[in-house]
K.L.:
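I have a structure I would like to understand better, so I am pasting it below and will then ask my questions one at a time.
No hydrogens, no waters, no symmetry mates; every other heavy atom, side chains included, goes into these values. Sequential numbering from 1 along the given sequence is applied to the chain's residues.
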Amino acid sequence: MDVGKIFKIRIGHDGSGIGDGWFVDKVDIKRLTMSMVQKETTKKEDKKDKKKKKKKKEEDEEEEEPQMELQEVVETYTFPCERWLARDEEDGELVVELLPEDGGDLEENTYEVHVFTGTMWGAGTDANVYINIYGEVGDTGERRLKKSNHLNKFEKGQEDVFTISAIDLGPLKKLRIRHDNTQANSAWFLDRVEIIDSKDDTTYYFPCKRWLAIDEDDGQIARELVPVDEAFMKKNDEDEEDSAATLGLEQKGCPLKAMSTTYTLRVKTGEKKYAGTDANVFAILYGTKDDTGIINLKASKTHKNKFEQGMIDEFTVEAVDLGVLKKLCIGHDNSGGSAGWFLDWVEIDAPSKGQKLRFPCGRWLDTGEDDGAIVRDLYPADLQTELYIPFVPYEIKTFTSDIFGAGTDADVFIVLYGRDGVCTQQKSLCVNKRERRMYFERGAEDMFIVELEDVGDIIEKIRIGHDNRGVNPGWHLDRVEIRRLLRKGKGSETVIFPCERWLAKSEDDGETVRELVPSDIIQEKLLRDGSLKVTETEVEDALETHTYKVSVMTGDVYGAGTDANVFLTIYGDLGDTGERKLSKSENNSNKFERGSVDKFTIEAVDLGQVFRIKIRHDNTMVSPDWYLDQVEVVDVETEEVYLFLCERWLSKKKEDKLIERFFYVKGYEGERESLHSSKKSLKDSSMSLDNNMNKKNKKNEDEDEDVEDVPLIPYHITVSTGVERDASTTSRVYVIIAGPHQAQTDRLWLDLPEEKKCFAARSLERFELYGADVGEIKKVELGHDGATPESCWLVDELSVAVPTRGIMYVFHCKCWLAKDRGDGLTARIFNVLDADTITITQKIIYEITVVTGDVQNAGTDTKIYLSVFGANGSTEEMLLQKNEDRFERGQEDTFNLEIDDIAPLKKMRVRIDGSGSRPDWFLDKVILRNLTTEEVSVFTYEGWLSKTKGPKRTMICEMPAVVDDEEMVEHTTYIIHVKTSDVTAAGTDANVFLIVFGENGDTGTLALKECNNTNKFERKQTDVFHFPDVLSLGDLSKVRVWHDNTGPAPGWHLEHIDVKDETLDKTFRFPCDRWLAKNEDDGQIMRELACANNDILDLNEKTKYEIITTTADTDDAETKENVWIALEGKKGRSKEFVMENSSKKKRFLRGSVDKFEFSSKNLGEIAGICLGHTPKDGKKVKGEAFWHVEEVVVTEKELGNKFIFRCNALIPLTAKRDEFMTFECTKAMESFASKARSLVPVKYEIIVITADEKGAGTDANVFITIYGSNGDSGKRQLRQKFRNLFERGRTDRFLLEMLDMGELLRVKVEHDNSGISAGWLLDRVEVTNTANGVTTIFLCGKWLDTKRADGQIKRVLYPKY
């Protein structure tokens, strides 16, 4: 390593061997360097000269520059020594520091080191003590403290003086002191170290007041100390009896001097067999400024037997001013029975810095495994770094009262509260049992330094309590004092919290937790002249203690009561009560029984407005399941009543199996959070390194601010893992999606649900994430945060779908993301050009608000399905996620939903499936807000969905959309006449079902049950069915009719169906005249019948076109001249229509919308338009002029088909007719009449190809649903008589007759999981329209198997173009 100019060396030996004394005369160090030397030759100077001259001008260099060149030079340093390094010669030193001959301005210095051992029992040590002193100019190196003024060094209460000579260090910054833990009683309590610098006679005070012992305090036998101001030391000498008031706090946070940092090391031993070690493990932390030296990891906080297989051991390390951690060296001494050790990772948490670093290892430290190394250097994994708000040190002193039995051995904990309910996590003051026994004795004053979240400048209250364990756990606490360093200037502030009460089950009110408010604040400031100024103020406006009366009502349902222990936390806007056990009911000896109300009293500091509670039980005793009806909290002081309607199970067996829930006060409007999403304490609100520190192209700050407004859109991502050995990974996986102009999303983490531990081989995982809208996707980066050899991952396929754009990219990756496989990359960038691009259904994002009624037991945990119907189609049924606490009594739940682009919305259907512990639901209304157009549709029901409640006893409901107080759909009664044919055996005994389709969607399945005839569907008979109070579908297009093939003679010959809409007073005829029978005709028992009312239009004749233009709303957008348009259709091109502009009727003004009508021959579907801009009366064009057109909408009047062209272009003014601009159709909207007209029966050939792989075939029943631009086919079973279908590598063909589907958009293939081997690997489906010969191919290549991939047995496939 290049150390630059050498200004001193340290040389020594270890004193082993016989005759170890050594007389050193001098040390020579020679170093080969490159240096500029005068050049000898002068050839080839011209070129060089020219170059040099240029330089000379630029840099104004000296004249001789051209004659210099780089050469190898030997630098020699000579260090004279001329002394013994021997125990028995001169001063007995074995180490010496030497200066070079031309020593410069450095000289030797002697330091007098005074070491004070503490006065407590067992404070002295017999171990060897070593010290290293650091100054601004280097350090002394580690020196053993050998020769003291006492023969027996480091005894209790003793001051030992040593001298150390070293090259002058300048002002001292810190010292490191340690012992080697040899000898029987090596534990050592070091009070302080004082160092006198003999050169300028300064004294440095290094307070310690801590143990250096593996079985005391934090188990460390090395400490780093920083010097503190003399004033603080003097203050301590004055109050001698108070000398325990340690300076630990100053050490932690001296604003001017180096800060001491506490690091928590968590060491994870791997899960492999024989992974654990019995050797002695050590670590060294390296920062940018310094390292810690060797730390022996002796005292694990978590396990007595350290470093065993699969365990995490925790250690505390203190160090001064390391800077940013860069590296961790960890190893062992290979001692003990089984020394080999498989280390998984080390995590280092530095609360005062607010960061947690993960150092992955994943390798053996074993002489017989891997590369045989037993010491490894580890580096932090960037992606696993967590940042949070840094912690600050608090010095907490507890004063136990001096009365009989006041002390305790229980585990004492504390929580600090600042303003606005900001609080720290609950912190135990003692680390282990031994400390608990040592502290909190009668009359004792105990001091702890803890690093906790920063709660701000004012501590409003603290909560202190204990766990009531141990012998005589009752504790009488006199007061608590909390000292903090001031943010500015030197000094500290002490806040005093008086208590003077018992925390005991058997004394006072039986509480073991108390909330305390401050009475006085003492401030100590260090003035410029070095004296301390102390000011004491009383706290005026401290919060008062309130009494809260809590009534808990258990529901009156079977098995509602519980015998488990119940815990309650009340939250207000000023803070919370902490978790309190509801132990003693004031009115019932047996608490929480069915239908009973239990009353409790909780004392707490004023919570302000109470808004939520958390309630849980510990699932103990025989029947812990509990149905909680409601909780009422009364603030006795303000007489405010807070009601919490619960009506939920807390049970491991019922509902979502949770035994802990949040409830919000009745009528609560604010943000709600469920347990799992709840924001934890400040510390846990960590962001991974990336959210704000994405290393890639970090732009300037000002640019970053603009990026904030990028809208978030959903991305649907699926990842499938390969099948090879080691293909799976437990690492966290992420994607980054990039668009044009360096736009990219944040790192989107694909976090698996809790029950899944890894991306397993052969698995297929799905994720729905929100990320920035990057526009058209260009690249996708896929990677993981694993940094060990173990964390390899074989990615088979990645797909990224953007529902809002209606596009999906499938990347066939088939590559390793692994440190030691392939090319060693753990992240790859895939280009969209290499992906398959698939068009999927485009979605619009709606904000949905579901309002549950405020009726008793209105909430539900059943499955809720929703479908929406619009003028342009309908959505499939969507399951609404419960997310723990949605759909509860009196609640409004708002979330986003992706809905097909079918606006304007007409109606909504909501269905429940009656599952769950609370299957009934009282639905008030549903509100949908289109986030792009802000249009709001309200769907009101105000009734029960239930088999047992309400007048209708129905589990399905339909609601019309109400937009601006106008109902979009009318109510009507449908009268349906079903005529069975006059054919032999035409009648059926099967159950018949019908769905009617119209311009407002469909009716849902109607069971044809009650009618005028007792025996329905007999030969030549007409059956009449009434369906009152349903939503009118408007004009009808088709019906789907089928039967369930039950009964003795299920075959049915249907002549026709008539549907009468009472409100429209219109009858629609649907002729059939076919069999619905498995053994007649084509064997189908489902038919779709088209409406016969639609007159045949002769589409070859003339028709009218309406053209609507929108001029942009910008300056210079308008024109006074004429515009012409020509339409290009599938059947031909129209002539040019001139859209005239006259002085009387001004057109094309800024922001205006103009309407024109033309007749023309029928052009069919319009694919493009030509727009030209010409002067009136054929005048010549002077200068440049433009018309800025925003949008053109062309409507064909006969059928009402609409074609939208989004132009947003400047059309130049020109006299020539051959200069124009063309635009392609952005969106075509086929009218209902047009769709209904194209519904003719068509036979579709469906070819199903099963993959050629082991176990690919299925014995289950397979169903297909085909979706086209004209609607869907309904779910059809694919069956053939006497054939074994869907076998490995086979191709099966089916013919199904359906009404023309139009362009095929997608198919859904599913099976019923019946039969012995139901799992099925479907390769692809091909659907051919036999009428026009068009074949559409739908690729699958995925399993439909409950045990493989993602466990799905239905797949939606999109066409491959």
Side-chain angles (χ1 to χ4, degrees), residues 706 709-711 740-741 773 775-776 804 844 871-872 901 903-904 929-936 963-964 1104-1128 1134-1160 1166-1197 1200-1229:
D706 308 340
D709 305 334
V710 176
H741 315 304
D773 184 354
E776 191 185 338
T804 50
I844 305 288
N872 290 306
D901 185 5
R929 182 165 73 90
N930 183 329
L931 290 182
T932 29
T933 64
E934 294 294 330
E935 188 176 22
V936 176
V963 182
D964 303 333
K1104 279 206 170 105
Y1105 287 100
E1106 175 189 80
I1107 291 160
I1108 297 173
T1109 63
T1110 308
T1111 305
D1113 192 5
T1114 55
D1115 300 336
D1116 305 333
E1118 55 191 61
T1119 180
K1120 296 194 170 90
E1121 308 299 336
N1122 291 345
V1123 172
W1124 61 268
I1125 188 169
L1127 311 181
E1128 297 191 356
S1134 74
K1135 54 181 196 290
E1136 294 157 6
F1137 306 122
V1138 177
M1139 302 191 270
E1140 286 194 7
N1141 211 342
S1142 62
S1143 47
K1144 285 179 192 165
K1145 198 169 187 187
K1146 286 191 176 158
R1147 307 285 179 98
F1148 314 124
L1149 294 175
R1150 171 179 175 171
S1152 71
V1153 177
D1154 301 294
K1155 203 190 259 184
F1156 304 90
E1157 249 186 40
F1158 301 105
S1159 34
S1160 154
I1166 293 174
I1169 56 172
C1170 307
L1171 283 178
H1173 184 190
T1174 52
K1176 287 193 243 176
D1177 324 322
K1179 283 187 299 218
K1180 283 210 169 150
V1181 179
K1182 292 176 191 148
E1184 278 193 338
F1186 295 97
W1187 171 51
H1188 189 169
V1189 57
E1190 189 76 44
E1191 183 179 76
V1192 176
V1193 181
V1194 178
T1195 311
E1196 192 274 313
K1197 299 290 278 183
N1201 290 333
K1202 240 187 206 171
F1203 305 92
I1204 297 170
F1205 298 84
R1206 296 207 178 96
C1207 313
N1208 193 14
L1210 298 164
I1211 313 281
L1213 182 63
T1214 165
K1216 294 177 189 159
R1217 273 292 166 103
D1218 55 356
E1219 287 184 20
F1220 53 83
M1221 288 177 89
T1222 53
F1223 301 96
E1224 284 184 10
C1225 180
T1226 356
K1227 191 174 175 188
M1229 295 162 81

K.L.:
Does some side-chain heavy atom of Ser1159 sit less than 4.5 Å from a side-chain heavy atom of Tyr1105?
P.N.:
no
K.L.:
Would you say the side-chain atoms of Asn872 pair up with the backbone N or O of Ala903, donor to acceptor, closer than 3.5 Å?
P.N.:
yes
K.L.:
Looking at Glu934, I want to see if its CD is surrounded by more than 12 non-hydrogen atoms of other residues, nucleotides or ligands under 6.0 Å.
P.N.:
yes
K.L.:
Tell me, do Phe1158 and Met1139 make a side-chain contact under 4.5 Å, heavy atoms counted?
P.N.:
yes
K.L.:
Any side-chain heavy atom of Trp1187 sitting closer than 4.5 Å to one from Val1123?
P.N.:
yes
K.L.:
Can you tell me how far NZ of Lys1202 sits from CE of Met1229, rounded to the nearest 0.5 angstrom?
P.N.:
6.0 Å
K.L.:
Taking everything shown except Lys1104 itself, do over 12 heavy atoms lie less than 6.0 Å from its NZ?
P.N.:
no
K.L.:
Distance from Ile1166 atom CD1 to Phe1203 atom CZ, nearest 0.5 Å?
P.N.:
5.0 Å
K.L.:
Show the nearest heavy-atom pair for residues Ile1211 and His1173, with the distance to one decimal.
P.N.:
O-ND1, 2.9 Å
K.L.:
To the nearest 0.5 Å, tell me how far Phe1156 CZ sits from Glu1140 CD.
P.N.:
9.5 Å
K.L.:
Provide the closest heavy-atom pair for Phe1137 versus Ser1160 in the form atom of the first, atom of the second, distance.
P.N.:
CZ-CB, 3.8 Å
K.L.:
Quick one: closest heavy-atom pair of Pro1212 and Met1221, and the distance?
P.N.:
CD-SD, 4.1 Å
K.L.:
With a sphere of 6.0 Å drawn around CD of Glu776, does it hold more than 12 non-hydrogen atoms of other residues, nucleotides or ligands?
P.N.:
no
K.L.:
Could you state the interatomic distance from NZ (Lys1120) to CG (Leu1149), rounded to the nearest 0.5 Å?
P.N.:
9.0 Å
K.L.:
How long is the gap from CD1 on Ile1125 to CD1 on Ile1107, to the nearest 0.5 Å?
P.N.:
4.5 Å
K.L.:
What heavy-atom pair brings Phe1220 and Thr1222 nearest, and what distance separates the two atoms?
P.N.:
CE1-CG2, 3.7 Å
K.L.:
Between Asp1154 (side chain only) and Phe1148 (backbone N and O only), is there a donor and an acceptor less than 3.5 Å apart?
P.N.:
yes
K.L.:
Using atom types as modelled and distance alone, determine if a side-chain donor or acceptor of Asn1141 lies under 3.5 Å from a backbone N or O of Arg1147.
P.N.:
yes
K.L.:
How close do Thr1174 and Glu1121 get, heavy atom to heavy atom, and via which atoms?
P.N.:
O-CB, 3.4 Å
K.L.:
Heavy-atom distance under 4.5 Å between the side chains of Val1189 and Leu1171, does that happen here?
P.N.:
yes
K.L.:
What are the two closest heavy atoms between Ala1117 and Ala1112, and how far apart are they?
P.N.:
CB-O, 3.2 Å
K.L.:
Look at the side chain of Glu1118 and the backbone N and O of Arg1150, then say whether any donor-acceptor pair between them is shorter than 3.5 Å.
P.N.:
yes
K.L.:
List the residues meeting side-chain contact (heavy atoms from CB on, under 4.5 Å) with Glu1191, not counting sequence neighbours, and say none if there are none.
P.N.:
Thr1110, Val1193, Ile1204, Arg1206
K.L.:
State the NE2-OG1 distance between His1188 and Thr1111, to the nearest 0.5 angstrom.
P.N.:
9.5 Å
K.L.:
Take atom CG in Asp1116; do more than 12 heavy atoms of anything else shown fall under 6.0 Å from it?
P.N.:
no
